[in-house]
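Worksheet: the structure to be examined is printed underneath.
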Amino acid sequence: MKLKHILKRAFQSITVASLTVSLALPVSASSMDPGEFAKQNGAYTPAGNPSVTIDHSAIAARKKLKDKDVLGPVDPAYTMDVSYDSENHHVSGTMNVTFKNNIMDNLENLYFNLWGNAETFAENGGGMDVANIKVNGKKAEYEMNGTSLHISGLSLKENKPVNVEMDFEVNLPEQQDRFGWYKDTVSMGNWFPILSVYDDEGWNVDPYYPYGEAFYSVSGSYDVTVTTEKEQVIAATGTEIGQPTVHGDLATHRYKAFNVRDFAMEMNPNYHVISTKVNNVDVNVYYSDEHAKYADALLESGAESIQLFSEKFGKYPWPELDVVTMEGWFGGMEYPQLVMISFSGERSLEWTKSVNAHEIGHQWFYGIIGDNEYDEPWLDESFASFAASLYDGELDSLEVPPVPDEYYHLSSPVSDFTARASEGGINYYYWMIYGYGSSTLNDLRQELGDSVFYEAMRSYFKEQKFGVSSTEEFISAMERSSGMDLSEFFNSHRVFVSDQQ
């Protein structure tokens, strides 16, 4: 059994019963005594008897309500005009976002997430600031609180368009991360103010999670103009429109992206690019000299992953995918149409291909089929890990048990793991959400058989394409497509709809 392709920084040998696995964890999260992990006594059993029995008519009714009244704001269209100064590692510019207020009449508040203000970035010089906010052309009241921007004092009519304008500035931290700079490479993930999501819980302004993802956004469109030094080679979400305009030492690039839930960029003046095409999708690998040995493997696995996952899950919907190399601790990170593969020391070509397949799997599970990554992290990480094992040809060896402590569910939110961080909760997050989660999906494949399972996955893809899914909706889709009652299966695998209720 092989879990070593999960996000990597360090290995820790953890024993559960008679099974020993090498599990990749951030160094700061790997101090747990391995003996504690296997401790069987004192496990917490949730009160009552959580059930995943599904009322399909109720789900259909809730889905109509969710689409009409709860999940929003819908149809966001972002227009940004920014400049990046590589000497000072500083971004400045303007943003204009329009969307439809499908939430409520006389909507008084709006929230944006400012992920660049997370503590882990502030420690290394990172941060974000906003100014001159206007809503529908009128100056608005606002306040920032960590990674949350709150705009108040509004009265927005239901089902009417809303326009928000603001100036913003970003200082990139000096660190090897999805947001930051290191040597010549600039990583711009989660770098701009992005609309928070309003759902049946209200506004989602959950904290930043450095060991995984806490991101949650709806699909929209982006029109992004970037001015920077003309030597910079840029990979980005979407497609570049025309050729860059050069003026002196600077060049201006413009990118457009549709049906995406975020926009990311990676820059390095020393990048080389190799490309291929599969299923009418342009696959581009951006690599620096020190990572040249991995370029062909990334291109090969990129094309193969798109072909395989399109067949098994549903057609890749965008015209382009960029794979970029960088130095970093985390192995890989996903954004729509762009994945970052980070190298720390020497890596095997097998590792390179598998991590790439995992991140490309996220193009389906997070990118196309969205989810609340803080409340239901298994809906993207378990699925991407399953996709990587499918690509690796290792499904038959996926036999990862759950952690003995029954406090931890596969459907647990991130907060359940961080609440017990001092007791190894972050380790359990990796074990459950990556390892046990992918194993659970494989158990479901074996339960249903390949034909029924992949047909159900393609049906799930069609239902949720460019939307936001939930555990309840995934179970419902699998039951309806297979014609089976799967409540016993999901209960026995610690997947409980009640975890999100």
Side-chain angles (χ1 to χ4, degrees), residues 67-85 90-117 127-171 188 190-199 202-205 215-227 236-238 241 245 252-265 466:
D67 290 343
K68 181 177 183 295
D69 296 319
V70 177
L71 184 69
V74 292
D75 303 325
Y78 293 81
T79 301
M80 289 183 272
D81 189 344
V82 300
S83 297
Y84 174 66
D85 176 357
H90 182 77
V91 177
S92 61
T94 62
M95 184 175 77
N96 183 309
V97 55
T98 61
F99 53 87
K100 181 181 177 182
N101 170 25
N102 65 314
I103 297 170
M104 65 181 74
D105 200 19
N106 295 319
L107 180 63
E108 297 179 350
N109 302 283
L110 292 172
Y111 285 85
F112 285 73
N113 290 309
L114 308 176
W115 297 119
N117 281 341
M128 303 175 68
D129 196 11
V130 298
N132 301 322
I133 297 179
K134 295 180 180 179
V135 177
N136 292 338
K138 297 181 180 179
K139 187 175 179 180
E141 300 175 6
Y142 67 92
E143 64 177 347
M144 294 188 297
N145 182 14
T147 58
S148 173
L149 166 64
H150 178 201
I151 304 174
S152 60
L154 306 174
S155 180
L156 304 175
K157 300 300 182 183
E158 189 174 12
N159 294 320
K160 296 296 184 181
V162 179
N163 176 266
V164 179
E165 305 169 71
M166 68 179 74
D167 300 333
F168 70 102
E169 296 189 5
V170 182
N171 290 314
M188 295 176 64
N190 313 109
W191 61 279
F192 62 93
I194 189 168
L195 269 168
S196 301
V197 175
Y198 184 96
D199 59 17
W203 289 102
N204 286 260
V205 286
F215 311 129
Y216 180 21
S217 52
V218 299
S219 296
S221 63
Y222 287 82
D223 186 340
V224 181
T225 300
V226 183
T227 299
T237 297
I241 306 302
T245 301
T252 298
H253 306 253
R254 186 181 182 190
Y255 302 90
K256 285 190 175 183
F258 301 94
N259 293 317
V260 296
R261 61 189 76 248
D262 205 343
F263 185 96
M265 293 187 289
F466 302 136

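Numbers here are sequence positions counted from 1.
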- [ ] Would you check, one step at a time, whether the test side chain to side chain contact (heavy atoms under 4.5 Å, CB included) holds for I151 with V135?
- [x] CA-CA 9 Å; I151 304 174; V135 177; 4.0 Å; yes
- [ ] Dump the intermediate steps for side chain to side chain contact (heavy atoms under 4.5 Å, CB included) on T237 and D262, then the final yes or no.
- [x] CA-CA 8 Å; T237 297; D262 205 343; over 6 Å; no
TODO: Could you please spell out the steps behind the side chain to side chain contact (heavy atoms under 4.5 Å, CB included) verdict for H253 and I241?
DONE: CA-CA 8 Å; H253 306 253; I241 306 302; over 6 Å; no
TODO: Would you please test I194 and W115 for side chain to side chain contact (heavy atoms under 4.5 Å, CB included) and show each step?
DONE: CA-CA 9 Å; I194 189 168; W115 297 119; 4.0 Å; yes
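Taking OH from Y198 and CG from N204, the interatomic distance works out to 10.5 Å, rounded to the nearest 0.5 Å. The structure places NZ of K134 at 12.0 Å from CG of N136, a figure rounded to the nearest 0.5 Å. The CZ atom of F258 lies 13.5 Å from the OG atom of S219; values are rounded to the nearest 0.5 Å. The CG atom of N145 lies 9.5 Å from the OH atom of Y111; values are rounded to the nearest 0.5 Å. Interatomic distance, T245 OG1 to R254 CZ, rounded to the nearest 0.5 Å: 10.5 Å. Rounding to the nearest 0.5 Å places CD of E108 at 8.5 Å from CG of L154.
Side chain of N101 to backbone of I103: a donor-acceptor contact under 3.5 angstrom is found. Proximity of a side-chain donor or acceptor of N117 to a complementary backbone N or O of M128 within less than 3.5 Å is detected. Counting only distance, with no hydrogens or angles, the side chain of D81 and the backbone of V226 share no donor-acceptor pair below 3.5 Å. At least one donor-acceptor pair under 3.5 Å links the side chain of R261 to the backbone N or O of S217. For T252 (side chain) and T227 (main-chain N/O), no donor-acceptor pair under 3.5 Å exists by modelled atom type.
Considering all non-hydrogen atoms of both residues, A257 and G238 come closest at CB-CA, 3.6 Å. Residue Y142 comes nearest to L149 through the heavy atom pair CD1-CD1, 3.8 Å, listed as atom of the first residue, atom of the second, then distance. Shortest non-hydrogen contact noted between F263 and A236 is CZ-CB, 4.1 Å. G72 and N102 get closest at one heavy-atom pair: CA-OD1, 3.5 Å.
Contact annotation: the side chain of F112 approaches that of L195 to within less than 4.5 Å [non-hydrogen atoms, C-beta and beyond]. For the pair M80 and F168, the minimum side-chain heavy-atom distance is below 4.5 Å. Between N190 and F215, some side-chain heavy-atom pair lies under the 4.5 Å cut-off. Residues Y255 and D223 form no side-chain contact, since every pair of their non-hydrogen atoms from C-beta on lies 4.5 Å or further apart. Side-chain contact between L114 and M144 is present, with heavy atoms from C-beta onward closer than 4.5 Å. Using a 4.5 Å cut-off on side-chain heavy atoms (C-beta onward), P193 and M166 make contact. With a 4.5 Å cut-off on side-chain heavy atoms, V205 and N113 count as touching. In this structure the side chain of Y78 never reaches within 4.5 angstrom of the side chain of T98, judged on heavy atoms.
Among L107, D105, N106, the single residue meeting the side chain to side chain contact (heavy atoms under 4.5 Å, CB included) criterion with L156 is L107.
Residues N96 and N163 bring a donor and an acceptor atom of their side chains to less than 3.5 Å of each other. Checked by atom type, the side-chain pair H90/N171 shows a donor-acceptor distance below 3.5 Å.
Checked against the 6.0 Å centroid threshold, Y222 and F192 count as a close aromatic pair.
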